[in-house]
Amino acid sequence: MHDLRYVFSYLKSCRRDLIAAIVLVFVECVFEMLIPLLMTDIVDVGVANRDLPFLFRQGLLMAGCAVLALITGLLYARYAARASNGFGAQLRRAEYQCVQAYSFSNLDHFSAPSLITRMTTDVTVMQNAVNGGLRPLVRGPVMLVLGVGLAFVLNARLALIFVVCAPVLGTALALIVRKVGPLYHRQQAAVDHVNGRVQESLTAIRVIKAFVRGEYETEQFDTVNDELAGASRSTFRYAVLNLPAFQAVMYTAVVCIMWYGGQFILAGGMTVGELTAFLSYVLQIMNSMMMISNVFLLLTRSLASAKRIREVLEETPALSSPDSPITNVADGSVDFEDVSFKYWKDAKKDALSHVSLHIPAGSTVGILGGTGSAKSTLVQLIPRLYDATGGTVRVGGRDVRDYALPVLRDAVSMVLQKNLLFTGTVRDNLLWGNPQANDAELWDACRKACADEFLERMPDGLDTDLGQGGVNISGGQKQRLCIARALLKQPRVLIFDDSTSAVDTATEAKIRRALAGLTDVTKIIIAQRVTSVMEADQILILDDGKIHAAGSHEELLRNDPIYREIFDSQMKGGNQHGEAV
């Protein structure tokens, strides 16, 4: 219940609509509970005395109560809808803001499909709990208390039947809720698996079709889909037991009331009108008990979603700005001082081990190494995407942990290994680098990245629509646009994480020459090709998270057999600029 209280605290912004809905439900219940009292006088006075004016008057009062109950019910629906939709929007906004504040290590705790489910399906469950559960949650107890109270007023001995039946029904509902609760958690986990499979299949649809693996993917989807269906069947197999349990207890109570009520009428201890009104209250009490049982099941379902939402909202960002942060990066110098790093605290081995390195401001550094040598891990510590677990990383002569995160990341521009463009136009994507950039600045960045070559052939130029995720252009074109976007930031440190792998060597040479003109920017280039880094001021060879060798191209070619072997294997049939001879 603590999870529910925490999540429902986000209803504060909708409290006016919520309070209005609760008041309207209460008023509606009062009008409905007046109708059986009026009916008692109709039977015992109007019918018995054949008083038609009295019958019409009482009938009009009953109709008036019914109309007023209808109006308050409609108004409740309006305010409840406003409260629930506002609540859902507030939860999604809060979750999204939390996710945006996460570091990479926080995101490692949640899978992407799970986060999507938590911000959609789980929020919808909580939203429905307010919209569909508020009415029975208020109406059920109010009608139960009023109904039982008025039943005792009419005939206290007959009303004792409810005192006997209530514990029996309560015990049955408690057993059902206890069984169903864990099953809802399993059901939501199965939803995560389905979302994950669908997301992966849609993302990789071209690969699936190219390898003719549609049938295999269908089988994989069937597996997770059957898992969800099985979890849902198991859950609702027990959840639906609340209705037969409720009906068995309450209809037994009705039979007992009819039997003993008839005996009281024959003995003169009760009138027909009183029994009629009593049965009306029995129906009201039955409805209220049914509402309460449904609320229990709804809250049980909500508990699973509330826990999942709270996990997202209470996840503490692993990285944050210090209390008195530095707000200016002096220059682009980068220093690693005995830096070690591991992705998980309990990892047996460090991804980086005791790395010490000095990169002067404005210099160019190339990084080579085999797959898994921690090249990307090394550069991710510079903009503080992760924090080093040992040692110190400095930018501009200051510890990266002393900077305000936005300031540091504005000063460090990365072209990631996986090229990512957003749905929209070329201009929309480039403006991520500098929202205030004009067309001249955009075209200048595109020329340096050699993106102008294909943009000038497009009819709409910078306003060309790239489609979802940039599907309308090739991998090499994506890389060049990503480079242009990074250049627009005008950073102190510019990092290329194998970001020209899809570009031909001639175009790559042009990009290198353009970057060489950025003398006030520190350039760190991760590459697989020697030609990408051979002109760098310093080249690092990483091996198993350690610096194996460092030096200029000539020094490494002369002194390091691994570098010389890489150079010889890649330069066969080419000159030193990587161009064919």
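Model, not experiment: these values are computed from the prediction.
At least one side-chain heavy atom of Ile367 sits under 4.5 Å from a side-chain heavy atom of Ile524. For the pair Leu408 and Ile326, the minimum side-chain heavy-atom distance is 4.5 Å or more. Leu466 places none of its side-chain heavy atoms less than 4.5 Å from the side chain of Thr423. At a threshold of 4.5 Å between non-hydrogen side-chain atoms, the residues Leu431 and Leu442 count as touching. Pro317 places none of its side-chain heavy atoms less than 4.5 Å from the side chain of Leu319. Using a 4.5 Å cut-off on side-chain heavy atoms (C-beta onward), Tyr563 and Val530 make contact. Within the 4.5 Å cutoff, no side-chain heavy atoms of Ser552 are placed close to those of Asp537. Contact check for Tyr6 versus Ile309: no side-chain heavy atoms found under the 4.5 Å cut-off.
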Under the criterion side chain to side chain contact (heavy atoms under 4.5 Å, CB included), I'd like the reasoning laid out for Val339 against Thr392: C-alpha separation, chi angles, the key distance, then a yes or no. CA-CA 6 Å; Val339 170; Thr392 304; 5.7 Å; no
Kindly indicate, with the supporting measurements, whether the criterion side chain to side chain contact (heavy atoms under 4.5 Å, CB included) is fulfilled by Ile526 and Val379. CA-CA 9 Å; Ile526 296 176; Val379 297; 3.7 Å; yes
In sequence, state the C-alpha distance, the side-chain angles, and the governing distance for Ile541 and Ile547, and then conclude on side chain to side chain contact (heavy atoms under 4.5 Å, CB included). CA-CA 6 Å; Ile541 308 296; Ile547 296 179; over 6 Å; no
Mind running salt bridge (Lys or Arg N to Asp or Glu O under 4.0 Å) on Glu508 and Arg480 for me, showing each step along the way? CA-CA 10 Å; Glu508 183 187 15; Arg480 284 181 273 178; over 6 Å; no
Check the pair Tyr10 / Leu313 against side chain to side chain contact (heavy atoms under 4.5 Å, CB included), numbers first and verdict last. CA-CA 11 Å; Tyr10 284 84; Leu313 296 174; 3.7 Å; yes
Going through the distances and angles, do Arg213 and Glu217 end up as a salt bridge (Lys or Arg N to Asp or Glu O under 4.0 Å)? CA-CA 6 Å; Arg213 298 288 282 175; Glu217 285 298 313; over 6 Å; no
In sequence, state the C-alpha distance, the side-chain angles, and the governing distance for Asp399 and Arg394, and then conclude on salt bridge (Lys or Arg N to Asp or Glu O under 4.0 Å). CA-CA 4 Å; Asp399 192 329; Arg394 298 183 185 277; 5.5 Å; no
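Between the side chain of Lys489 and the main chain of Arg409, a donor-acceptor pair closer than 3.5 Å is present. Side chain of Lys375 to backbone of Gly369: a donor-acceptor contact under 3.5 angstrom is found. Side-chain atoms of Ser569 come within 3.5 Å of backbone atoms of Ile566 as a donor-acceptor pair (strictly under, hydrogens ignored). With hydrogens and angles disregarded, a donor-acceptor distance shorter than 3.5 Å links the side chain of Lys523 to the backbone of Val521. A donor-acceptor pair is defined here as one N or O able to donate and one able to accept, closer than 3.5 Å; no such pair exists between the side chain of Arg401 and the backbone of Ser321. Under a 3.5 Å cut-off, the side chain of Ser340 and the backbone N or O of His354 do form a donor-acceptor pair. In this structure, the side chain of Arg308 does not engage the main chain of Asp122 through any donor-acceptor pair within 3.5 Å. No donor-acceptor pair closer than 3.5 Å links the side chain of Thr500 to the backbone N or O of Val503. Although no hydrogens or angles enter the test, the distance criterion places no donor-acceptor pair under 3.5 Å between the side chain of Ser373 and the main chain of Asp544. Counting only distance, with no hydrogens or angles, the side chain of Asn106 and the backbone of Thr316 share a donor-acceptor pair below 3.5 Å.
Note that the CG atom of Leu11 and the CD atom of Gln90 stand 9.5 Å from one another [nearest 0.5 Å]. Distance check, rounded to the nearest 0.5 Å: CG of Asp520 to CZ of Arg492 gives 8.0 Å. Here the CZ-OG distance, from Phe87 to Ser9, works out to 8.0 Å after rounding to the nearest 0.5 Å. Considering CZ of Phe454 and CD of Gln477, their distance stands at 4.5 Å, rounded to 0.5 Å. Residue Asp335 holds its CG atom at 13.0 Å from CZ of Arg398, rounded to the nearest 0.5 Å. Annotation: the span from Ile116 atom CD1 to Phe110 atom CZ amounts to 14.0 Å, rounded to 0.5 Å.
For the pair Ala231 and Ala190, the tightest heavy-atom approach, listed with the atom from each and the gap, is CB-CB, 4.5 Å. The two residues Met126 and Leu4 make their nearest non-hydrogen contact at CE-CD2, 3.8 Å. Nearest heavy atom pair, residue Cys450 against residue Ile511, reads SG-CG1, 3.8 Å. Between Ser320 and Arg384, the shortest heavy-atom contact is O-NH1, 3.0 Å. Taking all atoms of both residues into account, the shortest heavy-atom contact from Gly397 to Ser333 is N-OG, 3.6 Å. Taking both residues in full, the closest heavy atoms of Asp498 and Ala527 are given as OD1-CA, 4.1 Å, listed atom of the first, atom of the second, then distance.
The pair Lys546-Asp543 does not meet the salt-bridge criterion, since no charged nitrogen lies less than 4.0 angstrom from a carboxylate oxygen. Taking a cutoff of 4.0 Å between a charged side-chain nitrogen and a carboxylate oxygen, Arg427 and Asp463 qualify as a salt bridge.
Using modelled atom types and a 3.5 Å distance limit, the side chains of His553 and Glu535 yield no donor-acceptor pair. Using modelled atom types and a 3.5 Å distance limit, the side chains of Ser499 and Asp497 yield no donor-acceptor pair. Residues Ser356 and Asp338 bring no donor and acceptor atom of their side chains to less than 3.5 Å of each other. If you check the side chains of Asn85 and Gln127, you find a donor sitting under 3.5 Å from an acceptor. For the residue pair Asp465 / Thr425, no side-chain donor-acceptor distance below 3.5 Å is found, with atom types taken as modelled.
Counting heavy-atom neighbours within 6.0 Å of Glu565 CD, excluding the residue itself, gives a total of 12 or less. Atom CZ of Phe422 sits in a crowded spot, with more than 12 heavy atoms from other residues, nucleotides or ligands closer than 6.0 Å. More than 12 non-hydrogen atoms from other residues, nucleotides or ligands lie less than 6.0 angstrom from OH of Tyr343. For CD of Glu215, the number of neighbouring non-hydrogen atoms (other residues, nucleotides, ligands) closer than 6.0 Å is 12 at most.
Annotation: Tyr386 is in aromatic contact with Phe341 [ring centroid separation under 6.0 Å].
In this structure, Arg564 forms no cation-pi arrangement with Phe567, as its terminal cationic atom is not both closer than 6.0 Å to the ring centre and no more than 45° off the ring axis. A cation-pi arrangement, defined by a distance under 6.0 Å to the six-membered ring centre and an angle within 45 degrees of its axis, is absent between Arg197 and Phe221.
When each of Leu352, Val400, Asp387 is tested with Leu381 by the rule side-chain contact (heavy atoms from CB on, under 4.5 Å), just one qualifies, namely Leu352.
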